[in-house]
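This report concerns only the one structure given below.
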Amino acid sequence: QVQLVESGGGLVQAGGSLRLSCAASGRTFNRYTMAWFRQAPGKDREFVAAISWSGGRKYYADSVKGRFTISRDNAKSTVYLQMNSLKPEDTAVYYCAASYYGDYQNEYQYWGQGTQVTVSS
């Protein structure tokens, strides 16, 4: 069982930056593929970024490539999402997720409660 708690969301102007954190409980954090998803009002949840258990492989949605960076610290059981050059269309609730599958495109078994990111124009 893994429990995930996101933090770091908030209100920022377009062009600004935010860093999201996701703290995980449990002793096997380093076995999980970790990812960030987001859901804007009236839209489906969408994939943002994922990172392999070792941190050696990272994957990004085209919409955030070059602006967002995912990273993890297995010693702290935490995954991060550094978001730069934010746009109003990045406004959404951001969710952290964990999967015991190695393929980041497979299903995710554990989800956080979400943190709101609002980008003003």
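The structure presented is a predicted model; accordingly, all values stated were derived computationally and were not measured.
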*Going through the distances and angles, do Phe37 and Phe47 end up as a ring-ring contact (aromatic ring centres under 6.0 Å, His included)?*
CA-CA 5 Å; Phe37 290 78; Phe47 169 79; 5.8 Å; yes
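Listed for the Glu6 side chain is a donor-acceptor partner under 3.5 Å among the backbone atoms of Gly114. A donor-acceptor distance shorter than 3.5 angstrom exists from the side chain of Asp73 to the backbone of Lys76, with no hydrogens or angles considered. The closest donor-acceptor contact from the side chain of Arg72 to the backbone of Phe29 lies under 3.5 Å. With hydrogens and angles ignored, the 3.5 Å screen pairs no side-chain donor or acceptor of Gln82 with any backbone N or O of Ile70. Between the Arg57 side chain and the Trp53 main chain, no donor and acceptor come within less than 3.5 Å of each other.
Tyr94 is not listed as a side-chain neighbour of Gln116, based on a closest heavy-atom distance of 4.5 Å or more. Side-chain contact between Leu81 and Thr69: absent, with no pair of heavy atoms (C-beta onward) separated by less than 4.5 Å. Side-chain contact between Phe68 and Trp36: absent, with no pair of heavy atoms (C-beta onward) separated by less than 4.5 Å. Looking at heavy atoms from C-beta onward, Tyr59 lies out of side-chain contact with Ile51 at the 4.5 angstrom threshold.
In this structure, Ala40 and Ala92 approach most closely via the heavy-atom pair N-CB, 3.8 Å. When all heavy atoms of Asn84 and Ser17 are compared, the closest pair comes out as OD1-OG, 2.9 Å. Taking every heavy atom of both residues into account, Ala24 and Leu4 meet most closely at CB-CD2, 3.6 Å.
Neither Tyr95 nor Tyr32 shares a network with the other; the hydrophobic side chains, linked directly or stepwise wherever heavy atoms of I, L, V, M, F, W or Y lie under 4.5 Å apart, form separate groups for each. In the hydrophobic clustering of ILVMFWY residues, with side-chain heavy atoms under 4.5 Å counting as a link, Leu86 and Val48 come out together. Hydrophobic clustering places Tyr60 together with Leu20 (ILVMFWY residues linked when any side-chain heavy atoms are closer than 4.5 Å, directly or through intermediates).
More than 12 non-hydrogen atoms from other residues, nucleotides or ligands lie less than 6.0 angstrom from CH2 of Trp111. By the neighbour-count criterion of 12 heavy atoms within 6.0 Å, atom CD of Gln3 is sparsely surrounded, having that number or fewer from other residues, nucleotides or ligands.
Judged by distance alone, the side chains of Thr91 and Glu89 never bring a donor and an acceptor atom under 3.5 Å apart.
For Asp90 and Lys87, the salt-bridge test fails: no basic side-chain N is under 4.0 Å from an acidic carboxylate O.
For residues 37-117, every residue pair satisfying the disulfide (SG to SG under 2.5 Å) rule, not counting sequence neighbours, is listed here: Cys22-Cys96.
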Which atom pairs, one a donor and one an acceptor, fall under 3.5 Å between side chains of residues 97-106 and the rest of the protein, sequence neighbours left out?
residue, atom, partner, partner atom, Å
Ser99, OG, Tyr101, N, 3.0
Ser99, OG, Glu107, O, 2.9
Asp103, OD1, Gln105, N, 2.9

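Partner of Arg38 under the side-chain contact (heavy atoms from CB on, under 4.5 Å) criterion, chosen from Val93, Val64, Val117: Val64.
Here the CG-CE distance, from Asn74 to Met34, works out to 9.5 Å after rounding to the nearest 0.5 Å.
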